[in-house]
Number of protein chains: 2
Amino acid sequence: MLKRERHELIMRQINLHNRVLTTDLVDLLQVSEDTIRRDLQELCEHQKLLKVHGGALSRSYQSAYDDNAIYARDAKIAIAKKAISLIKDGMVILTGGGTTIIELVKQLPVNLKATFFTISPFVAIELTKYDGIEVILIGGIFSKNSKVTYGSHVISQLAGINADLCLIGTSAIHPQNGLTDTDWEINELKKAMFHCAKSVAILCISEKLNSTLRLKVAGLENIHYLITELSVREEVLKAYLAKGLNVY
Amino acid sequence: MLKRERHELIMRQINLHNRVLTTDLVDLLQVSEDTIRRDLQELCEHQKLLKVHGGALSRSYQSAYDDNAIYARDAKIAIAKKAISLIKDGMVILTGGGTTIIELVKQLPVNLKATFFTISPFVAIELTKYDGIEVILIGGIFSKNSKVTYGSHVISQLAGINADLCLIGTSAIHPQNGLTDTDWEINELKKAMFHCAKSVAILCISEKLNSTLRLKVAGLENIHYLITELSVREEVLKAYLAKGLNVY
DNA sequence: ACCCAATCTGCGTGTTTATGCGGGTTTTTG
DNA sequence: CAAAAACCCGCATAAACACGCAGATTGGGT
């Protein structure tokens, strides 16, 4: 095994999984730990990867967006963990975009077997880390604001999909006014997404509860699950429970 | 055993296995190590292979290496700048994925008015920075390896597109063998892309010139522009000019 | 056929590179 | 805070390499 070959293989692993463990490489390449360490060190010096304790990480697409810059990240992770309990092997899942959904994807169990349809390239990219997940990116006009695909072409494609679960973030939710938002095109999109899934889960950080925006997306009767970072016993959630939602 | 014969045989081994060990060649060709070393050195100078400690590798077998961003970045920027001269306001442009294309997008003039179709989420995301550019992301199964959408759904959508220019990177190009690659699905995709554009430009860093992989994508007659970081007067480009390509 | 120059090849010598191992140190984790 | 894992450092060694030189081969030119 030539050194350069090892480097190639290591880089391939990195590109594939975005991370490698030293021990895995020892096993895979049948050389000593020291050699792997030296390889990683060299590749790191050449800026090909990021060496960390225990292995190495991909350097390429940390840039997509900054982990630490996400607003209310802890809350979103808490939401993600709850939402995952709705996901089972073999499901067909439809997702929107947004940082909450991305956090959810990052928390998925590594050996999950499922099919994800998404309108968000960021979500799609994140999902490629999971070997057991088939990712279908729904194409269309790409929105410069919300960074998802939209437009009639997306909606007509959605019509052909029959998902088990639709996971979607929201800008505002209210016990009486239901789900509301500001962008008409995106609203049409969300309506279409709701129609093609057996059940719909809304992921929503608590500060967006009980707020209303200009345009109505859907009433609460179209929604099956509401997932926030709060405990179910919180006062603010009572009104939603009363409306018949499953609140987590 | 003539030198030329040895060189032929070495290249055959390289094309077959993507790698050779010096010691194996000594055994196979029944000559001294020094001779083999000199052979490899010479072939390396003629850009036929990549000499490494212990043997040599195929020039095209460095795919994973430079996929990862910064490698040969300057060359890719140079390529990008040349490629931009092909782009005019009002054009409909179809692009593939890969770091070279992303560099190109980064170099685009800020006030360009155009429509971009792309199969790469990364390219789409990068393009959203330009107000004057409409971005259509073509949807389909999302490839974990090459990070582009592919499959029959993509191909059928491509059929409805009529682009002015198709910009695409490549893994290997050769004066006789044309464009070649390793992944059958991606090859079919590239073929479909070529068919729906009036002209096709290949972006290719020089070290991928004169290399060949397993599967044929297209002959040079399907390609209109070849863009590398080299000057047109370079020796390696002669063969492509002779084939009638516009070489930049 | 002969010679000469150019090239090619193999060998000896000294150098560099790649790798694994032992022992001590740091980081992680429960 | 202690065990385990991962790490770093120096050393030994074998393989690969570079370089100079001499003999062998080749390919015209006369």
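Here is how names work: the chains are called A, B, and so on, in the same order as the sequence lines, proteins then strands, and each is numbered from 1. Keep in mind that this is a model prediction, so the values were computed, not measured.
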From B/Leu137 atom CG to B/Leu127 atom CG, the distance as rounded to the nearest 0.5 Å: 10.0 Å
Touch class at under 4.0 angstrom, heavy-atom based, for B/Val26 against every strand present: nothing
Any donor-acceptor N/O pair under 3.5 Å between D/dC17 base and B/Asp34 side chain: no
NZ-CD distance between B/Lys81 and B/Gln107, expressed to the nearest 0.5 angstrom: 5.0 Å
Under 4.0 Å protein heavy-atom contacts per nucleotide of nucleotides 24-30 of chain C, with B for base, S for backbone only and - for none: ---SS--
N-O pairing of A/Glu42 and A/Arg38 below 4.0 Å: no
First of B/Thr22 and A/Arg37 reached from the 5' end of DNA chain D, by closest nucleotide: A/Arg37
Side chain of A/Thr23 (C-beta onward), nearest among D/dG10, D/dA6, C/dT9: D/dA6
Axial bend angle, the helix from C/dA1-D/dT30 to C/dG30-D/dC1: five-pair end segments, nearest 10°: 40°
Comparing B/Leu2 and A/Glu33 on DNA chain D - which has the more 5′ nearest nucleotide: A/Glu33
Under 3.5 Å donor-acceptor pair, B/Asp39 side-chain atoms to C/dC8 base atoms: no
Flag, side chain of B/Lys106 to backbone of B/Ile101, donor-acceptor distance under 3.5 Å: no
